[in-house]
Structures are given as structure tokens and as C-alpha cells.
Q: 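Can you read through this structure? Questions will come right after.
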Amino acid sequence: MIMENELFKVRDMREKSHFAVDDVYLNGYAKVLGGYATLVYLSLCRHANFATQRAFPSQRLIANEHNISERQVRYEIDALKFMNIIAIERTRRAGKWLNNEYLLLDKTLWKLPEAYSAYGSPEAYHDINQRHTVP
């Protein structure tokens with residue numbers, strides 16, 4: 001029982017921004033794809049427009065948000081794309097690539113988690129993850 005003289009503050013969710021992640025991702029894909037892919041996916045979900053499900057954070061921003069390398073971010077983006085969890089649209093103007101726009105795809109389009117083994121040997125994937133060290 002809380003005494004009348006005890007003060008506490010309840011978290012006000014009305015003024016906070018939030019983002020959504022499909023439970024299906026966390027319940028199966030996160031285990032298969034690993035922690036780094038999940039961090040990248042969380043960043044894309046966080047930066048996505050709620051109505052359009054489009055996001056355009058730079059790979060550098062994603063890397064800085066999670067203290068991982070840009071190379072690791074690129075690898076994980078490729079893995080998410082392979083699994084059909086995201087699609088990538090590249091913007092080009094005057095012959096130069098400007099930026100990537102990431103589309104969060106509906107879970108009905110995702111490949112089954114078992115398909116990840118076709119992406120490359122899981123041993124190679126885990127080897128890259130093991131080499132990453134936090135400074």
C-alpha cells in the first residue's frame with residue numbers, strides 16, 4: 001500500500017514516441033539472424049514512418065546507435081533483405097547514389113527462418129559476429 005506522503009511518477013506514454021516490432025520477428029527470426037541483425041531491424045523500425053513503413057537512416061547512424069561497425073550494418077541489411085524482411089530502394093540523381101530507403105515488408109512476405117541457411121553458411125555468419133569487438 002502506498003502511503004499518501006510517498007510520491008512517485010508514472011511514466012507518461014502519451015508524450016513519448018514509440019515504434020512497433022512484429023512479435024513474429026522476435027519470436028523466431030531474431031534467434032536465427034542474431035543480435036546484430038535484430039539491432040539493425042530495430043533501428044529501421046524506429047526510424048520508419050508509421051503510415052508508409054519507410055525509413056532512411058544512414059548506415060553510419062545505425063552503426064553509431066548501436067556501437068557496431070558500418071560494415072556489420074551493411075552485412076545485416078543484406079541478411080534482412082535476403083529474408084524479405086526489408087526491401088531497399090536506392091535514390092540516384094545525376095549518376096550518383098544519394099541514399100537508401102528501407103521498406104519494412106509485411107510478415108506474410110518474409111521467408112521462413114530456415115531459409116537463412118541458404119544465405120551463406122551459418123558458420124561464416126557467426127564468425128563475422130564473433131570478430132566484432134566493442135572498443
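All figures in this text were calculated on a predicted structure; none of them were measured in a lab. As a basis for the values below, the full set of heavy atoms in this structure was taken, side chains included, without hydrogen atoms, waters or symmetry mates. The first residue of the sequence shown is numbered 1, and numbering continues consecutively from there.
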Q: Sequence neighbours excluded, which residues qualify as salt bridge (charged side-chain N to carboxylate O under 4.0 Å, His left out) partners of Lys81?
A: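 Once residues adjacent in sequence are excluded, Lys81 has no partner under the salt bridge (charged side-chain N to carboxylate O under 4.0 Å, His left out) criterion.
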
Q: Check for a donor-acceptor pair, side chain of Asp22 on one end and backbone N or O of Val24 on the other, with a separation under 3.5 Å.
A: no

Q: Taking atom NZ of Lys111 and atom CD1 of Ile85, what is their separation to the nearest 0.5 Å?
A: 10.0 Å

Q: Calculate, to the nearest 0.5 Å, the distance between atoms CG and CG belonging to Asn49 and Leu103 respectively.
A: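 Rounded to the nearest 0.5 Å, the CG-CG separation comes to 11.0 Å.
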
Q: Out of curiosity, Leu39 CG to Gln72 CD, how far, rounded to the nearest 0.5 Å?
A: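 Nearest 0.5 Å value for the CG-CD distance: 9.5 Å.
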
Q: Passes side-chain contact (heavy atoms from CB on, under 4.5 Å), Tyr41 versus Leu80? Steps please.
A: CA-CA 8 Å; Tyr41 184 63; Leu80 292 166; 4.1 Å; yes

Q: Same cluster or not: Phe56 versus Phe19, using hydrophobic residues (I, L, V, M, F, W, Y) connected whenever any side-chain heavy atoms lie under 4.5 Å apart?
A: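 In one cluster with Phe56: Phe19, no.
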
Q: If two hydrophobic side chains count as joined below 4.5 Å and joins carry through other members, does Val73 share a cluster with Leu61?
A: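 Shared cluster, no.
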
Q: Go through Asn99 and Ser58 one step at a time and tell me if the side-chain contact (heavy atoms from CB on, under 4.5 Å) criterion holds.
A: CA-CA 8 Å; Asn99 62 339; Ser58 69; over 6 Å; no

Q: Is Glu89 salt-bridged to Arg54, cutoff N-O under 4.0 Å?
A: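 Counted as a salt bridge, because a side-chain N and a carboxylate O are separated by less than 4.0 Å.
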
Q: Going hydrophobic residue to hydrophobic residue with side-chain gaps under 4.5 angstrom, can you get from Leu42 over to Val32?
A: yes

Q: Decide whether Val21 and Leu109 are clustered together by the hydrophobic rule: side chain heavy atoms of Ile, Leu, Val, Met, Phe, Trp, Tyr closer than 4.5 Å, transitively.
A: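 As far as the 4.5 Å side-chain criterion goes, Leu109 and Val21 are connected within one cluster.
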
Q: Examine distances only and state if a side-chain atom of Trp110 and a backbone atom of Leu105 form a donor-acceptor pair shorter than 3.5 Å.
A: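 Checking the backbone N and O of Leu105 against the side chain of Trp110, a donor-acceptor pair under 3.5 Å is found.
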
Q: List the atom of Tyr29, the atom of Leu112, and the distance in Å for their closest heavy-atom pair.
A: OH-CA, 3.8 Å

Q: Taking the six-membered ring of Tyr25, is the NZ or CZ of Lys107 close enough (under 6.0 Å from the centre) and on axis enough (within 45°)?
A: no

Q: Taking atom CD of Gln59 and atom CG of Asn100, what is their separation to the nearest 0.5 Å?
A: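 Gln59 atom CD to Asn100 atom CG measures 6.0 Å (nearest 0.5 Å).
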
Q: Checking side-chain polar atoms at under 3.5 Å, does Glu65 have a donor or acceptor matched by the opposite partner on His47?
A: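 Yes, His47 and Glu65 have a side-chain donor paired with an acceptor closer than 3.5 Å.
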
Q: Measure the spacing between CD1 of Ile62 and CG of Leu44 and express it to the nearest 0.5 Å.
A: 4.5 Å

Q: Please report the interatomic distance CG(Asp78) to CD1(Ile88), rounded to the nearest 0.5 Å.
A: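 Rounded to the nearest 0.5 Å, the CG-CD1 separation comes out at 6.5 Å.
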
Q: Who are the side chain to side chain donor-acceptor pair (under 3.5 Å) partners of Asn64, not counting sequence neighbours?
A: none

Q: Is it the case that one hydrophobic cluster holds both Tyr116 and Leu26, taking links as side-chain heavy atoms less than 4.5 Å apart, direct or via other members?
A: yes

Q: With sequence neighbours excluded, tell me which residues meet ring-ring contact (aromatic ring centres under 6.0 Å, His included) with Tyr102.
A: none

